[in-house]
Amino acid sequence: MSKAILVLNAGSSSIKFTVFDRAGGALAVRYNGQIEGIGTRPRFKVRDGAGAVAHEDAWENPPLGRGHAHALEMLAAWLDPHLPEEGLIGVGHRVVHGGPTYSAPTVIDDGVLRDLESFVPLAPLHQPANLAGIGATLDFLPGVPNVACFDTAFHRSHPKVADIYGLPGEYYDEGVRRYGFHGLSYEYIARALPELAPELAGGKVVVAHLGNGSSMCAISAGHSVDSTMGFTALDGLPMGTRSGQIDPGVLLYLMQEKGMGAKQIEDLLYKRSGLLGISGVSNDMRNLEASDDPRAAEAIDYYVFRIVRETGALAASMGGIDGLVFTAGIGENAAGIRRRVCEGLAWLGLALDPAANAAHGPRISAPGSRLAAYVIPTDEERMIALHTLAALAG
Ligand code: ADP
């Protein structure tokens, strides 16, 4: 029997993949890579398990209108001679939306595929890319089982009060709910707590997943009870290019006074807002930190302000807080952002250890701090691989 698993994370402008070897009880990375810039100037890069570059390619003129299809063909062509001869145990797919129904990883069959297609209106920018990845795998790896792992699933443990909006009930019934996202990342962190932060594992923890997409989650005794993202991945914190929480009255104003249509508003909220929109400089935290433009400083100020504010809100949702965990690109690397967030939470009894923070943890709170703070690198691909193994064994 083969010992490898392929994990595919097909997003709106990038496709990431990892090939894991199952060695005994552990999962070791064989290859890890991505195709970025789909639809514009795709670049393909693969590293081996030791981090050495195994392959690099770029396309100046990709076939028009076939962005994802072209990228998936290039990926399949590279993977073909690089997969183990015995084949794969299975393929695990990151799927952004499991709708109200899917609360666990699921082996994909025709019925599941139809359900996932029916969730496209809930995540119009991401679900089609996920489905393209599944379709391509069914074509180029016939007979290999596929497992859908949902970004929403970990949040299905929310109490109903955390999932409803103040709208007539029929909207909830047809699916207008606060789903929450980044669930695979939060689940990975929740599972890592007993080993890395044992004093927090059974407690009340706020996890801040701070990447290009940013959200936060209230985890009580290992279960999600609330999160900052809602019906879509637009809500909550400001992000690289997404607005985060906004008064719905602003949308009415844009429609009524500016004559903006749905597509223009979608473009504004998803692609031209957040850190990029406020700063006018960049969506990338490294560029903002390096900039001396006062608008870049304002974007960072707003980002930190919202993280501090949401920590208070999530703590209230749980009726207390024992610890805070930072993860993802900004959370794992931007010591200055972490320092400012922790300073903003001094009133909760959080005292930072500056040297530990500069060294990126893992524990960054000072001895004696009432609130513990940690940096824990997330690994959504590994979480998907573990889910895939479990779903196929089950
Ligand atoms: P995605 O949501 O695309 O997976 P990541 O988790 O990779 O995003 O995070 C990307 C963000 O992390 C970018 O804003 C990037 O600037 C930021 N980042 C990465 N490394 C650093 C660093 N050393 N200092 C500050 N920000 C960083």
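Ligands are counted one by one from 1 in listed order, and the atoms in each one are counted from 1 as well. In what follows, residues are counted from 1 in the order of the sequence shown. Computed from a predicted model, the values in this text were never measured in an experiment.
- Salt-bridge formation is not detected for the pair Glu381/Lys16: no Lys NZ or Arg NE/NH1/NH2 atom is positioned less than 4.0 Å from an Asp or Glu carboxylate oxygen.
- Looking at Lys263 and Glu266, a side-chain N of the basic residue comes within less than 4.0 Å of a carboxylate O on the acidic one, giving a salt bridge.
- Taking the six-membered ring where the residue is Trp, Tyr31 and His82 present perpendicular rings, their angle passing 60° and hence far from 30°.
- Residues Tyr374 and Phe326 have side chains not in contact (no heavy-atom distance under 4.5 Å, counting atoms from C-beta outward).
- The ring of Phe181 has its center closer than 6.0 angstrom to the ring center of His97.
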Tabulation required: pairs of a nitrogen or oxygen in ligand 1 and a protein nitrogen or oxygen under 3.5 Å; columns are atom names and distance to 0.1 Å; otherwise 'none'.
{"residue": "ligand 1", "atom": "2 (O)", "partner": "Asn212", "partner atom": "N", "Å": "3.1"}
{"residue": "ligand 1", "atom": "2 (O)", "partner": "Gly213", "partner atom": "N", "Å": "3.3"}
{"residue": "ligand 1", "atom": "6 (O)", "partner": "Gly329", "partner atom": "N", "Å": "2.9"}
{"residue": "ligand 1", "atom": "8 (O)", "partner": "Asn212", "partner atom": "N", "Å": "3.1"}
{"residue": "ligand 1", "atom": "12 (O)", "partner": "Ile330", "partner atom": "N", "Å": "3.3"}
{"residue": "ligand 1", "atom": "14 (O)", "partner": "Met285", "partner atom": "N", "Å": "3.1"}
{"residue": "ligand 1", "atom": "16 (O)", "partner": "Asp284", "partner atom": "OD1", "Å": "2.3"}
{"residue": "ligand 1", "atom": "16 (O)", "partner": "Met285", "partner atom": "N", "Å": "3.1"}
{"residue": "ligand 1", "atom": "16 (O)", "partner": "Arg286", "partner atom": "N", "Å": "3.2"}
{"residue": "ligand 1", "atom": "16 (O)", "partner": "Arg286", "partner atom": "NE", "Å": "3.4"}

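- Checked against the 6.0 Å centroid criterion, the rings of Tyr102 and Phe150 qualify as a close aromatic pair.
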